[in-house]
Amino acid sequence: MIDIRALRENPDRVKENAARRGCTVDVDKLVALDREYVGLIREVEDLRAERNRLSKECQTNPAARDTVKEMKVTLANKESRMAELKTVVDEQMTWLPNFLSPDVPDGGSDADNAALRFVGKKPEFAFAGRDHQALGELLGIIDTGRGAKVAQSGFYYWVGKGAQLTQAMFFWAQQELVKRGFTLFMSPCVAKEQTLFGTGYLPFFKDQTYTLSGEDLALIGTSEQTLVGYHADEILDAGTLPRRYTSYTPCFRTEAGSYGKESRGIFRVHQFHKVEQIIFCLPEDSPRCHELCLENEEYLLQQLGLPYRVVNVCVGDMGAPGYKKYDIEAWYPGYGGYREVTSNTNLTDFQARRLGIRYKGNDGSKGFVHTISATGVTDRVVCAILENFQQEDGSVIIPEVLRPYTGFDRITPGV
RNA sequence: GGAGAGGUGGCUGAGUGGUCGAAAGUAGCGGUUUGCUAAACCGUCGUAGGAGUAACAUCCUACCGGGGGUUCGAAUCCCCCCCUCUCCGCCA
């Protein structure tokens, strides 16, 4: 949610931003409705002031009661119109996108993202590289068929050494983030509507959400929802910021409308797993914290030995709550391209305003905190490990940093 | 699943129709004093919206879990809902 004062003081800026981000809200109309609303606030408050004054008078002057009774009719009419306007204005406000960082590239799709740098050396194979799905089948470590049988297409099993490798990577990543100042959480995997709304997943990504029937609960699409929601309606002592949180959870997404796109293997699925980075910080600190999360993401991929590129995500490829977003795309030799493995968004005060997460300093400073939401690692990183470290016979060499957690250094077909 | 208790300001916690935006304590902030890693005393201290000011000041409105009702007037009375806690049952 943006500050409604921005709409009142600089409607052109809001309008321009909405247009650039493909938002269909009629800003001119919204401004007009808000004007009427603010005008009514004045009228209603004046009437209430008069009513309150007369009510006090009633104790010594019973005749004032009749005057107040008459006033109440006028007041009730204005109040009901005011409430009506507020509902409409509030609803429209929830659809307005966040403002953008000046250095966000223009563009309508991921093809317009700006590559910032390429890191790591792509492996060179003297053989035809397999993609993660082929390797998973050959090694018997990914089972999408039974995932579909038991749950639905889009669910899958990691099996045997594949599951061990995946768990090892998630555990290692959590340990690394703890070393880097993050507090580890184990989080609920469901959240109520208000939490999803507050984090900006509703109303924007409603069709991506699995809701539980008969409950005000949905499966989380990311632990960002529960970790940011953790501090909803709280005032944080500025001296305790920035706060860095991490957790590992499954993430559920309906992926409505995305059938057929990038669907081979387990790249786009209904349930994946993610180690998350969340930072709550002072407004002036959010660009620095945003970079910090990117450094962490890169550090993890570098430790694993994976080649990747960093892109500055363009307007059209960024969700409405984002102010600026970096994606990291790992190199997938079996697939033959770069594919997104992490994303890292500075949400400024967009979530904090909706959730009521504020800070207060000893010097009297106060305001809404800024939040950063970034990936640590996901199953997609394991897929990248499989593809980058595959051998001609289909076996896969385990990255050294994970060996203490896997207890083996390679996965071999038939073993 | 059954029974009971309760939701008040950053926190603890008084307050059952007007003098309550709300006692007190605590934390925070400012100061005084004594001094040694702290105590005592004094003062100050909720949030949001609107009006107002060069900026302060100041004024008004709303907010005591949420919504509705009664009343000239509601934290306080009535109704509905939500949530939390305790006990019992069941159970990973």
Side-chain angles (χ1 to χ4, degrees), chain A residues 1-11 30-94 96 186-198 202 211-218 226 229-241 243 249-250 280 282-283 349-369:
Chain A
M1 192 100 76
I2 62 166
D3 190 343
I4 197 162
R5 276 175 296 197
L7 184 77
R8 288 172 186 163
E9 289 161 15
N10 199 344
L30 178 57
V31 168
L33 289 169
D34 180 61
R35 283 229 175 91
E36 188 186 347
Y37 169 64
V38 172
L40 268 175
I41 287 178
R42 294 180 60 175
E43 290 185 45
V44 165
E45 289 190 350
D46 285 347
L47 281 170
R48 283 176 181 166
E50 179 67 2
R51 178 202 59 191
N52 292 344
R53 197 185 61 74
L54 286 170
S55 290
K56 281 180 185 155
E57 201 180 304
C58 284
Q59 290 173 89
T60 52
N61 173 23
R65 288 185 193 187
D66 297 328
T67 317
V68 177
K69 277 185 183 174
E70 283 170 34
M71 281 183 65
K72 284 176 76 178
V73 180
T74 320
L75 182 58
N77 284 337
K78 289 190 188 294
E79 279 176 332
S80 102
R81 174 61 181 160
M82 188 174 86
E84 220 173 86
L85 284 166
K86 180 166 167 53
T87 304
V88 177
V89 169
D90 283 352
E91 203 273 335
Q92 293 287 295
M93 285 297 293
T94 67
L96 287 179
M186 290 184 73
S187 144
C189 294
V190 293
K192 53 183 72 171
E193 181 180 343
Q194 195 176 17
T195 303
L196 298 200
F197 170 80
L202 296 177
T211 53
L212 303 191
S213 65
E215 301 268 4
D216 175 23
L217 286 175
T226 48
Y230 186 78
H231 283 305
D233 298 318
E234 292 183 23
I235 299 173
L236 306 177
D237 181 348
T240 67
L241 300 174
R243 295 202 195 190
T249 65
F280 299 87
L282 294 172
D349 61 358
F350 193 87
Q351 295 179 323
R353 192 178 296 283
R354 290 185 177 218
L355 287 166
I357 308 176
R358 291 169 291 175
Y359 69 88
K360 194 172 179 181
N362 286 345
D363 57 357
S365 62
K366 59 185 178 180
F368 290 104
V369 301

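A note on names: the letters A, B, ... follow the listed sequences, proteins ahead of strands, and every chain is numbered from 1. Side chains are part of it too, since the values below use all heavy atoms of this structure and drop only hydrogens, waters and symmetry mates.
- For B:rC72, one of the phosphate oxygens OP1 or OP2 lies less than 4.0 angstrom from a side-chain nitrogen or oxygen of A:K69.
- Partner assigned to B:rU70 is none, using Watson-Crick or G-U wobble distances below 3.5 angstrom.
- For A:N52 and B:rG73, the shortest distance from a side-chain N or O to OP1 or OP2 is not below 4.0 Å.
- Taking a pair to require two hydrogen-bonding distances under 3.5 Å in either a Watson-Crick or a G-U wobble arrangement, B:rC20 remains unpaired.
- Distance A:D233 CG to B:rC83 P: 16 Å, rounded to the nearest Å.
- Base pairing of B:rA27: no nucleotide in any strand meets the Watson-Crick or G-U wobble criterion (both distances under 3.5 Å).
- OP1 or OP2 of B:rA62 lies within a sub-4.0 Å distance of a side-chain N or O belonging to A:R51.
- Residue side chain A:E45 reaches the base of B:rG49 through a donor-acceptor N/O pair under 3.5 Å, judged by distance alone.
- Under the Watson-Crick or G-U wobble criterion, with both distances below 3.5 Å, B:rG46 is paired with B:rC63.
- Both distances falling under 3.5 Å, in either a Watson-Crick or a G-U wobble arrangement, occur for no nucleotide opposite B:rA75.
- Searching all strands for a Watson-Crick or G-U wobble partner of B:rC91 with both distances below 3.5 Å returns nothing.
- Applying the Watson-Crick and G-U wobble criteria (two distances, each under 3.5 Å), B:rU53 pairs with nothing in any strand.
- The distance from atom CG of A:L217 to atom P of B:rC82 is 13 Å, rounded to the nearest whole Å.
- Side-chain nitrogen and oxygen atoms of A:K366 include at least one within less than 4.0 Å of the OP1 or OP2 phosphate oxygen of B:rA48.
- Residue-level contact check: A:K86 touches neither bases nor backbone, having no heavy atom under 4.0 Å from any strand.
- The OH atom of A:Y37 sits 9 Å away from the P atom of B:rG50 (whole-angstrom rounding).
- Distance CZ (A:R8) to C1' (B:rG49): 8 Å, rounded to an integer number of Å.
- For the pair A:R354 (side chain) and A:F197 (backbone), a donor-acceptor distance under 3.5 Å is present.
- One interatomic measurement links the two molecules: NZ of A:K192 to C1' of B:rC81, which rounds to 13 Å at whole-angstrom precision.
- Protein atom CD of A:E79 is 9 Å distant from nucleotide atom P of B:rA62, rounded to whole Å.
- Among the protein residues, A:A64 comes within range of no part of the nucleic acid, since none of its heavy atoms lies under 4.0 Å from any strand.
- Nucleotide B:rU86 is matched to B:rA3 when pairs are restricted to Watson-Crick or G-U wobble geometry with both distances under 3.5 angstrom.
- Other residues, nucleotides and ligands contribute at most 12 non-hydrogen atoms within 6.0 Å of the CD atom of A:Q194.
- Taking atom P in both B:rA75 and B:rG18, the straight-line distance is 10 Å, to the nearest Å.
- Within a 6.0 Å sphere centred on CZ of A:R35, heavy atoms belonging to other residues, nucleotides or ligands number 12 at most.
- The CD-P distance, from A:E9 to B:rG49, rounds to 11 Å in whole Å.
- B:rG49 atom P lies 21 Å from atom CD of A:E36, rounded to whole Å.
- Open room surrounds CD on A:E193; 12 or fewer heavy atoms of other groups in view lie less than 6.0 Å from it.
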